[in-house]
Amino acid sequence: MKTIITRFPPSPTGYLHVGGARTALFNWLYARHMKGKFILRIEDTDLERSTKASADAILESLEWLGIDWDEGPYFQSERFDIYKEYVQKLLDSGNAYYCTCTAEEIEEMRKKAMADGGKPKYNGKCRNKKLGKTGNAVVRFASTSAGTTVLKDVIKGNIQFKNTELDDFIIVRSDGVPTYNLAVVVDDITMGINTVIRGDDHVNNTPRQIQIYKALGVEPPAYGHVPMVLGNDRSRLSKRHGAMSVTAYRDMGYLPDALLNYLVRLGWSYGDQEFFLIDELIEKFTLDNIGRSAGIFDQEKLLSLNADHIKASRPNKLVKYWQPFLKERGLDTDDTLYLEKIIETLNTRSKTLIELTEGALFYFQDEISYEEKAAKKNFKPAALKPLKLLCAHIEAIEEFNEANLEDAFKKVMQSCEIKFGKIAQPLRVALTGKAVSPGIFEIMHVLGKDAVISRLKKAVIFMEASTPPLSA
RNA sequence: GUCCCCAUCGUCUAGCUUGGUCCAGGACACCGGCCUUUCACGCCGGCAACAGGGGUUCAAAUCCCCUUGGGGACGCCA
């Protein structure tokens with residue numbers, strides 16, 4: 001059995017967006033599933049628009065996602081000699097020719113073709129002129145207009161194209177730099193790529209590429225065109241759909257595994273299963289479960305999946321993704337054991353790492369500032385006595401454990417003749433400053449005896465200072 | 001304009017290959033309820049779809065055709 005070799009070939013003209021990430025993911029998963037190879041190639045033949053910064057950003061995103069590559073990154077801009085060689089072959093075999101038509105002439109041809117009810121095309125004017133290489137001549141591929149080209153797509157099935165639909169497209173620009181259609185084919189041939197999984201938007205390029213393969217006498221790879229990811233208005237994903245870069249999701253507190261999980265399910269399915277860990281995906285991912293229709297990117301579902309992944313992650317694994325968010329707020333992240341304990345109290349109530357951070361703030365503050373609403377509602381005069389009493393009982397505890405703590409509560413409840421709820425909420429505000437938080441026993445356990453007592457005392461002082469003793 | 005692709009709840013989808021087990025299943029969102037020291041988690045329940053029209057067939061979400069709708073491509077971008 002042959003080794004499957006896939007690739008991801010982004011062009012460095014911007015950041016890696018979620019659609020591209022999904023394409024990379026499919027190629028990567030398939031390669032991993034088949035125990036094959038995954039190659040990364042930077043398609044920077046467009047010297048004008050390609051930037052080093054974009055290339056770096058893309059690599060960074062892939063690394064964060066955990067999509068690793070076995071070869072590369074190769075840069076097309078460093079492979080011009082190879083392309084030149086192949087172009088010469090095409091020229092020699094009569095499958096390509098020089099063309100000196102001007103932009104105006106070509107514009108005319110296109111208009112005419114449109115007027116005749118067809119696609120805007122180049123009419124092949126220079127094809128038989130046998131022109132030599134001159135100053136600003138381009139090289140065009142002499143495509144066959146007879147017959148049809150069949151694309152055997154592993155996802156969409158057979159697609160037929162009448163060859164008359166194709167024109168003689170440019171394979172080398174006037175400045176000598178090859179264009180996309182030529183470079184992909186040459187790269188895929190020389191890199192041994194045998195499986196090409198890419199976006200739907202490339203379907204119409206495929207017959208051109210297949211023709212180049214034929215002209216070169218090389219067997220084309222297996223193609224699989226995955227449907228596009230659309231924005232909520234059903235149009236192609238773009239900036240106006242909001243945050244679409246991988247790094248934006250990272251910065252919003254999403255876990256890479258959650259993004260990957262969401263992305264893979266957008267277009268691929270495994271029965272009714274929604275939640276996947278990466279290893280599981282590698283084990284279960286195959287091309288035949290990829291759907292044929294385009295999908296809309298749904299942030300809500302991604303959010304929900306992120307919450308699931310936060311819940312399912314081992315705290316010690318989550319720490320490394322969480323630390324940057326803590327650092328951003330100037331919080332100390334050295335005590336990872338403490339962080340893990342905090343996570344355990346908050347992971348079921350945080351949908352993102354930002355929510356986790358916000359929910360955890362009180363753990364890091366020595367001085368709790370009370371939320372006005374929460375204080376008003378729970379720091380009522382009637383709560384003063386129970387809190388004071390509770391403080392005293394807790395201080396008296398020798399071993400700060402659940403049993404003793406429970407005992408302290410019982411005593412307070414009995415002597416004040418109140419229910420647990422009456423003491424729990426004020427205590428919560430005293431400990432966290434908020435009316436919403438993890439369970440108070442969990443919190444006390446993480447905070448420890450000293451912090452609990454100190455926060456209780458401060459709450460008592462606060463209440464005494466701000467509340468006139470209405471009831472005796 | 002021309003070519004290509006697609007079409008199941010609002011969204012992602014299962015089911016379609018090998019018609020009947022589907023008056024269509026799961027998930028997100030939404031709405032109820034339970035649990036409960038708050039908020040969540042969790043659990044239970046509800047709302048909600050086979051685009052339309054023709055065929056084929058005893059029988060069609062599943063096969064065929066047309067219409068409509070949506071998307072994509074037509075670059076010296078990739």
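Computed from heavy atoms alone, side chains included, the values below leave out hydrogens, waters and symmetry copies. By convention in this document, chain letters (A, B, ...) are assigned in the order of the sequence lines, proteins followed by strands, and residues within each chain are numbered from 1.
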Got a list of side-chain donor-acceptor pairs under 3.5 Å for residues 290-303 of chain A, not counting sequence neighbours?
residue, atom, partner, partner atom, Å
A/Asp298, OD1, A/Glu300, N, 3.1
A/Gln299, NE2, A/Tyr249, OH, 3.1
A/Lys301, NZ, A/Glu274, OE1, 3.4

Counting only heavy atoms and a strict 4.0 angstrom limit, can you tell me which residues of residues 422-444 of chain A come near RNA chain B?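 Under 4.0 Å from RNA chain B: A/Ala424, A/Gln425, A/Arg428, A/Ala435, A/Val436, A/Ser437, A/Pro438, A/Gly439, A/Ile440, A/Phe441.
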
So, [X] versus [Y]: side-chain donor-acceptor pair below 3.5 Å or not?
| X | Y | result |
| --- | --- | --- |
| A/Gln76 | A/Arg79 | no |
| A/Asp407 | A/His393 | no |
| A/Asn404 | A/Asn401 | yes |
| A/Asp168 | A/Ser143 | yes |

What nucleic acid atoms does A/Gly117 come within less than 4.0 Å of, heavy atoms only: base, sugar-phosphate, or nothing?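 Result for A/Gly117 = sugar-phosphate.
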
Quick one: label A/Arg265 by what it contacts on the DNA or RNA (base, sugar-phosphate, nothing), any heavy atom closer than 4.0 Å.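 Touches a base.
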
Can you sort out the partners of A/Gln209 under side chain to side chain contact (heavy atoms under 4.5 Å, CB included), two or more places apart, ordered by chain and number?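 With neighbours one apart ignored, the set is A/Tyr180, A/Asn181, A/Val184, A/Val185, A/Arg198, A/Asn205, A/Tyr223.
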
A/Lys341: side chain to side chain contact (heavy atoms under 4.5 Å, CB included) partners, not counting sequence neighbours: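 Testing A/Lys341 for side chain to side chain contact (heavy atoms under 4.5 Å, CB included), a comparison that skips the adjacent residues, returns A/Val446.
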
Anti versus syn assignment for B/C41, with syn defined as within 90° of 0: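 It is syn.
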
In whole angstrom, give me the gap between the [atom1] atoms of [N] and [M].
| N | M | atom1 | answer |
| --- | --- | --- | --- |
| B/U8 | B/G15 | P | 14 Å |
| B/G70 | B/C9 | P | 16 Å |
| B/C30 | B/U36 | P | 24 Å |
| B/G25 | B/A14 | P | 15 Å |
| B/C4 | B/C22 | P | 38 Å |
| B/C31 | B/C47 | C1' | 7 Å |

CZ of A/Phe297 versus P of B/U13: gap in Å, rounded?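 To the nearest whole Å, that distance equals 13 Å.
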
Could you check how far CG of A/Asp298 sits from P of B/C9, rounded to whole Å?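 My rounded result for the distance is 15 Å.
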
What nucleotide, of B/G26, B/C4, B/C12, holds the atom closest to the side chain of A/Ile296?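 Nearest listed nucleotide: B/C12.
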
Quick check on A/Lys422: does its NZ atom have over 12 non-hydrogen neighbours (other residues, nucleotides or ligands) under 6.0 Å away?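 Atom NZ in A/Lys422 is not packed in, count stays at 12 or less.
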
Can the ring centroids of A/His309 and A/Phe275 be said to lie less than 6.0 angstrom from one another?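 Ring centres of A/Phe275 and A/His309 closer than 6.0 Å.
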
Salt bridge check: are A/Asp187 and A/Arg7 linked by an N-O gap of less than 4.0 Å?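 Salt bridge between A/Asp187 and A/Arg7, a charged N being under 4.0 Å from a carboxylate O: no.
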
Sugar-phosphate or base contact per nucleotide [nucleotides 67-78 of chain B; S, B, -; heavy atom under 4.0 Å]: ---SSBSBSBBB

With sugar-phosphate taken as primed atoms, P, OP1 and OP2 and all else as base, the protein-contact string of nucleotides 40-46 of chain B at under 4.0 Å (heavy atoms; B, S, -) is BSS----

Classify the side chain of A/Glu274 versus the base of B/G26 as yes if they form a donor-acceptor pair under 3.5 Å and no if they do not.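 Such a pair exists between side chain and base.
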
Check if the side chain of A/Lys301 and the base of B/C12 share a donor-acceptor pair of N or O atoms closer than 3.5 Å.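 Checked by distance alone, the answer is yes.
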
Ignoring hydrogens and angles, tell me if any N or O in the side chain of A/Glu442 forms a donor-acceptor pair with the backbone of A/Gly439 under 3.5 Å.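 Confirmed, A/Glu442 side chain pairs with A/Gly439 backbone.
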
